[in-house]
Amino acid sequence: MNQCRLRNTMLFEIPLRAHVALKWMRHNKAGLPIRQLRTDSSCKAPKAPAKSKDADSLLNGSNANYIDGLYSRWKANPKSVDPSWDAYFSGKPRGASTKSTDKRKHHRPPIAPSPARITTRTELPSRNISTTNPVSTTAAAAPPAMDWKYIDDHLTVQAIIRAYQTRGHLAADLDPLGIVQALGTTSVDGARRNATEAVLRQHYTYVFNDLNATFKLPSSTMIGGSEQFLPLKQILDRLERIYCGHIGVEYMQITSLNKTNWIRERFEKPDAIQFSPDEKKLILERLTRSTGFENFLAKKFSSEKRFGLEGCDIMIPILKEIIDRSTSLGVESVMIGMAHRGRLNVLANICRKPIADILGQFHGLKATDSGSGDVKYHLGLYMERLNRLTNRNVRITVVANPSHLEHVNPVVMGKARAEMYQRGDTTGSKVLPIIIHGDASFCGQGVVYESLHLSDLPNYTTHGTIHVVSNNQVGFTTDPRFSRSSRYCTDVARVVNAPIFHVNSDDPEACIHCARVSTDYRATFHKDVVIDIVGYRRNGHNEADEPMFTQPLMYQRISKLKTCMVLYSEKLIKEGVITAADYKAMITKYDKICEDAWEESKKMSTIKYSSWIDSPWTAFFQGRDRLKMCPTGVSLATLKKIGEIYSSPPPKEHKFKVHKGILRILALRRKLVESKQADWSLGEAFAFGTLVKDGIHVRLSGQDVERGTFSHRHHVLHHQSRDKVRYNSIEHLYPDQADYKVSNSSLSECAVLGFEHGYSMANPHSVVIWEGQFGDFCNTAQCIIDTFIASGETKWVRQSGLVMLLPHSLEGMGPEHSSGRIERFLQMSDDDPDVFPDTCDCDFVARQLMEINWIVTNLSTPANLFHALRRQVAMGFRKPLINFSPKSLLRHPLARSPFRDFNECSEFKRLIPDGKTANKPDCVTKLIFCSGKVYYDLFKEREDHEQDETVALVRIEQLCPFPYDLIMKELELYESAELLWVQEEHKNQGAWSYVQPRFDTALIKKENETRCISYVGRLPNSAPATGNKVQFMTEYKAFMTDVFGEMTEGNKQRLESIVKEQQAKAKAATKAGNEALDAAKKRAEHSIKEKAERTEEKVTGAPAKSLAYNLKPFFLERILEILKEYIQMYLQYL
Ligand SMILES: Cc1ncc(C[n+]2csc(CCOP(=O)(O)OP(=O)(O)O)c2C)c(N)n1
């Protein structure tokens, strides 16, 4: 093909007549032009154009190809070709008869001198410009019809090729039921073809007059293999076979030419799909296992739910092929996510879980370990095994999943990503995620779209996931036409430019070819790819369902269909690849394996949930005392070192231009470090810094987390004049530290939280944190919270130390920026409110944490955040931590912790007693329990109400598990005080409904106790908060009055005078600032003027006004900024 192109280029400057001469020379076989024009094996000469009988026609043989090229060039730019060709193509008459009206007759341009005679440009034929006006062109001057047709025909053939490539899949024979499209309904050339005019989009009939006409194949197709020219019939036949056969190749939406060419090659090249007899036998063998397994289960448990794969049995050989091929390409770990359909088959035939163990799940046996377990088609699995074909070890994981379809997708991706991180696999060549989807759920569930959007993000990519759709053309009882608006169930994958291979499940070889191409595509381009196995569901949704109720016609057809295994065995027998006896032997062999397993399973009397675990963490648990907690405090030197780096701009050698505002923040941080105080940001940084110092990988992900929604974090600094240059001080604390990865995520809660949950499952020696923008938005990830985080350990005996940070507090920001819904998390906590635990147990704290499903905290100090985060890896087990983070507290002057609260003697405080009242408990008349930010409101109001000695404020930092032991101490200390629970959340929200019964349990436990706890706070409401500021303040005042009573007159006056004093101070500060500003302005102006005059006079000797005028705004601006900062700081400290 290239040779032909070269030839055209080389001939390009030869004028028309010279070309005629060249044609003659070709017959004489002499010189360079002869070689260029000679037909060789790789570039066969085409036949003459269909209707031309004229042996001398310019448009026959290889000339046509040459003229094709010339014509294209001319079309783009008429001046790029020799003027004689210009005249020819534009139909300008030059000596030829202008009277000819015979459109079929070739219009020959005038004979020019032979190339040997053309020596100078002046000898070229002159152009007759006067007759070229297109409007006045007579019929005789019109382009010769025969030539135009030839060109048009070529262009048409090219368009047909393109149409097949782009839309051929629409007419592919994909449906084994034959319901979706009827075959050969329309033909474009009289032959039976699938590609209807609707696919080709045009009436191309005129080109089909002669199917033997030969056409030059464009470079955009590979259907010719090494051939450059093909007769039209062959072109159509090949295109039909490739694009409208059993595979629908949907790839032309991909924007990368490299990728489309790569795919084209894998489907278009002649003999692209080839299988040796051994390979065919292997496919049949695997099909036999797949079908045999379902048949066996159907025989033994006819009405038991198993969500059989029948109708899509080819999925097992497809998965096998992907795994074999990937393993041979270097993959060491395969991570599978899938729903119910065919899951048991995957466990048996892909993971090779002993069939007896699977059958044991049907026997209804008692479990010997704790947890509530899950149905058999949700369980996870982890197997290390030798791949016999590649002789390599491969780890196969099937991630446990809930019924909630598709929600396992991001979990699988996150787990795969984490495993890649652990293995140092930066390209995804060692870890392969495979996600199996149902057709209805793939297009119906939003999480699919959200997860696909993670596929190419730098901190979330798995470097390609292979998606396999088990498309049985029905979702439970709903037909696709009622369940989706897109043509294909896979259309959602087009958004990430994934190639999609639709394939008829009854053609095993086509299916395996798609598996091969998909595996190689992922290995080559590290991108997502989709295989859509179009099959059917032989039974109802589950084995007890009657499908004829809702899909009668479909099921009448299905009942007449032979299984794929039978069809393929017949094919192979016919081809002579196997004999009928071989086939029978295959079936018998697998049947025996199942029967033996059945006998084995009968011996089982119990089952173990823990033998169905997808992340066993064996090394982590081995020899570990789970109740032993490591200390979380650190040395002062460590704090100082981290604090110093965290509060410094990037070192000078980085030449990093930092934003002025950031420099101010760093300076404030530095002051805090110097005064040995930590605000929220420092507390968090101390946690991350000390964790990475200890070799613990920390990952913080969520929307805008790099800066922090409330602009308090600023972990990633951005160079102010260079794009993509960033600096993160926590990455540069210690030379041998672990990785700290902070990453802004896509705007998704569900997929990102799922992803991080999956990430946390891979390695217990990491702290993985997801932060919600506002806690309110975590409910769009409710499914992940409910089905994975809250209950994952109980159902699947596997642990996760994921941390969720949910900004929460009522601050007048409206109903949807106020609540992380504490009540929901507490309601899902699995401790019994009526059982008082054994608080005398010396391991009480650790045991309580170990036995709960998750930890819920509402912290009020930076030091407690530090200890809580560090405790996540100090525990001998892993537990999810749900922490409700502050908003205004991030900068609250009281919400600071001294460094001593982080030191080696310090630890996490589950409850913070009142330091003020503890010495004189007898004076206390009210004991207030609260949690989170409301403490600071209460603290201020208590002061304002002058009740510092009579009201005790106790903060419950860890709501769940409930700190019974510490609560008891408080109850005992303030024995005669009234008990109140005060919260800012509405009564039906917040922690009240969780703490109330637990307080009751504690009070019942206490001897001679007659008190009970009362609620003070907002009234019940369906919304989490009001959106009206006035109402917000009214509510606030009302509930504070409920706590502390009306203020006395004296108090009111005292407060008013304090407020007035503060206002006066602020006014004075502003005035002083303004005066200072004016004075500075004047001084600056004066000095600038003087300086400028001196400079300009020195330089030019000219009057200095202009320079001073230019410098003035710059200096003034700077001075103004400094003063503003000064005033702001002053006001802040007032
Ligand atoms: C999120 C969610 N909604 C509804 C269901 C109930 N449900 C279970 S299977 C199913 C049909 C799924 O169809 P499809 O995705 O095509 O998979 P198939 O069962 O046909 O293999 C439905 C609606 C569910 N499990 N999860």
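Counting starts at 1 for both ligands and their atoms, following the listed order. Residue numbers run from 1 in the order of the sequence given.
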**Q.** Side-chain H-bond candidate by donor/acceptor type, Thr465 with Thr462, under 3.5 Å
**A.** yes
Q: Scan residues 533-559 for pairs that pass salt bridge (charged side-chain N to carboxylate O under 4.0 Å, His left out), counting only residues two or more places apart or in two chains.
A: Arg306-Glu543
Q: Could you tell me if the ring centre of Phe267 sits under 6.0 Å from that of Phe501?
A: yes
List, for ligand 1, each N/O atom that has a protein N/O partner under 3.5 Å away, with both atom names and the distance.
from	atom 1	to	atom 2	distance (Å)
ligand 1	15 (O)	Ala440	N	3.4
ligand 1	15 (O)	Ser441	N	2.9
ligand 1	15 (O)	Ser441	OG	2.8
ligand 1	16 (O)	Asp439	N	3.3
ligand 1	16 (O)	Asp439	OD1	2.6
ligand 1	16 (O)	Ala440	N	2.9
ligand 1	16 (O)	Val474	O	3.3
ligand 1	19 (O)	His340	NE2	2.8
ligand 1	19 (O)	Arg341	NH2	3.0
ligand 1	20 (O)	Asn472	OD1	3.1
ligand 1	20 (O)	Asn472	ND2	2.9
ligand 1	20 (O)	Val474	O	3.1
ligand 1	21 (O)	Arg341	NE	2.9
ligand 1	21 (O)	Asn472	ND2	3.3
ligand 1	25 (N)	Ser403	O	2.9
ligand 1	26 (N)	Ser403	O	3.4
ligand 1	26 (N)	Leu405	N	3.3

**Q.** Pair His541 + His340: ring centers closer than 6.0 Å
**A.** yes
**Q.** Cationic tip of Lys353 above Trp612 ring, under 6.0 Å, 45° of axis
**A.** yes
(Q) Between His169 and Tyr243 (judged by ring centroids, cut-off 6.0 Å), do the two rings come close enough to count as a pair? (A) no
